[in-house]
Amino acid sequence: MTVNQLKFAGILITITLAFRFGLSALLENMQFIWAWLLAAVYSISIFAAGWVFSKKDYESLPLYDIGFKYHLITYLVCNVIAEVWFLLGFQSSFESIKSVHLTALFWGIGLIIHLIFYLFARKDSIKGIEKSDIFD
């Protein structure tokens, strides 16, 4: 893991915990519109953090698809925190563990597809330059 990936993971943990606290509180108080707004802000925030830190890595590392590693970190952090949230009983009465499991399942399918593209792209290029172009 790079320093930028560790920083991203730390920020992601912090904002995911804040999101979980806020979401459960809003849902428990039946503030459903605010819960959707919070979810949108959370999504934009984690995307922006991933974009900033992955761009820093991309500029300094000779790797083609640095985004896959950030996608994996995001998947693990968000889903582990969600599972632990329910194991500790912090969820509101309007939250279901089933939604966490379905999110992890469908997101996991997307992650596997990203992994396949990552593996194919990685073996044929360095920072997007074809091997045949480098060694001519």
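- Transitive grouping of hydrophobic side chains (ILVMFWY, heavy atoms separated by less than 4.5 Å) brings Leu102 and Ile113 into a common cluster.
- Residue Tyr75 is not grouped with residue Trp85 when hydrophobic side chains (ILVMFWY) are merged at heavy-atom distances under 4.5 angstrom, including chains of intermediate members.
- Side-chain contact between Arg20 and Phe86 is present, with heavy atoms from C-beta onward closer than 4.5 Å.
- Remark: of the listed residues Lys7, Gln5, Met1, Lys7 is the sole one forming a side-chain contact (heavy atoms from CB on, under 4.5 Å) with Val3.
- To the nearest 0.5 Å, atom CD of residue Gln91 and atom CG of residue Leu27 are 11.0 Å apart.
- Side-chain atoms of Ser99 never come within 3.5 Å of backbone atoms of Glu95 as a donor-acceptor pair (strictly under, hydrogens ignored).
- A 4.5 Å side-chain heavy-atom check between Phe8 and Ser54 finds every atom pair outside the cut-off.
- Using a 4.5 Å cut-off on side-chain heavy atoms (C-beta onward), Ile81 and Phe19 make no contact.
- Residues Lys55 and Val52 fail the side-chain proximity criterion, which asks for heavy atoms closer than 4.5 Å.
- Within a 6.0 Å sphere centred on CD1 of Ile33, heavy atoms belonging to other residues, nucleotides or ligands number 12 at most.
- Counting only distance, with no hydrogens or angles, the side chain of Glu59 and the backbone of Lys56 share no donor-acceptor pair below 3.5 Å.
- Summarising the geometry, atom NZ belonging to Lys98 is positioned 11.5 Å from atom OG1 belonging to Thr103; distances are rounded to the nearest 0.5 Å.
- Considering all non-hydrogen atoms of both residues, Thr74 and Leu12 come closest at CA-CD2, 3.5 Å.
- Looking at every heavy atom in both residues, Ile73 comes nearest to Ala9 through CG2-CB, 4.0 Å.
- Using a 4.5 Å cut-off on side-chain heavy atoms (C-beta onward), Thr2 and Lys69 make no contact.
- A distance of 6.0 Å separates OG1 in Thr16 from CD1 in Ile46, rounded to the nearest 0.5 Å.
- Cluster annotation: Leu88 is connected to Phe21 through the hydrophobic network of ILVMFWY side chains, with a link wherever side-chain heavy atoms come within less than 4.5 Å.
- Taking each heavy atom of Ser93 and Glu28 in turn, the nearest pair found is N-OE1, 2.8 Å.
- Scanning both residues, Ser24 and Ser92, for their nearest heavy atoms gives O-CB, 3.4 Å.
- One hydrophobic cluster holds both Phe106 and Phe117 under the rule that ILVMFWY side chains link at heavy-atom gaps under 4.5 Å.
- Relative orientation of the Phe47 and Trp51 rings is tilted, given thresholds of 30° and 60° on the angle between their planes.
- Tyr70 has its ring centre no less than 6.0 Å from the ring centre of Phe53.
- Put simply, the side chain of Met30 reaches to within 4.5 Å of the side chain of Phe32, judged on heavy atoms.
- Residue Leu38 comes nearest to Gly22 through the heavy atom pair CD2-C, 3.5 Å, listed as atom of the first residue, atom of the second, then distance.
- The local environment of CH2 in Trp107 is crowded, with over 12 non-hydrogen atoms from other residues, nucleotides or ligands closer than 6.0 Å.
- Tyr42 has its side chain within reach of Cys78: a pair of non-hydrogen atoms, C-beta onward, lies under 4.5 Å apart.
- Below 30°, between 30° and 60°, or above 60°: for Phe68 and Tyr118 the angle between ring planes is below 30°, a parallel geometry.
- One hydrophobic cluster, built from ILVMFWY side chains closer than 4.5 Å, holds both Ile13 and Ile15.
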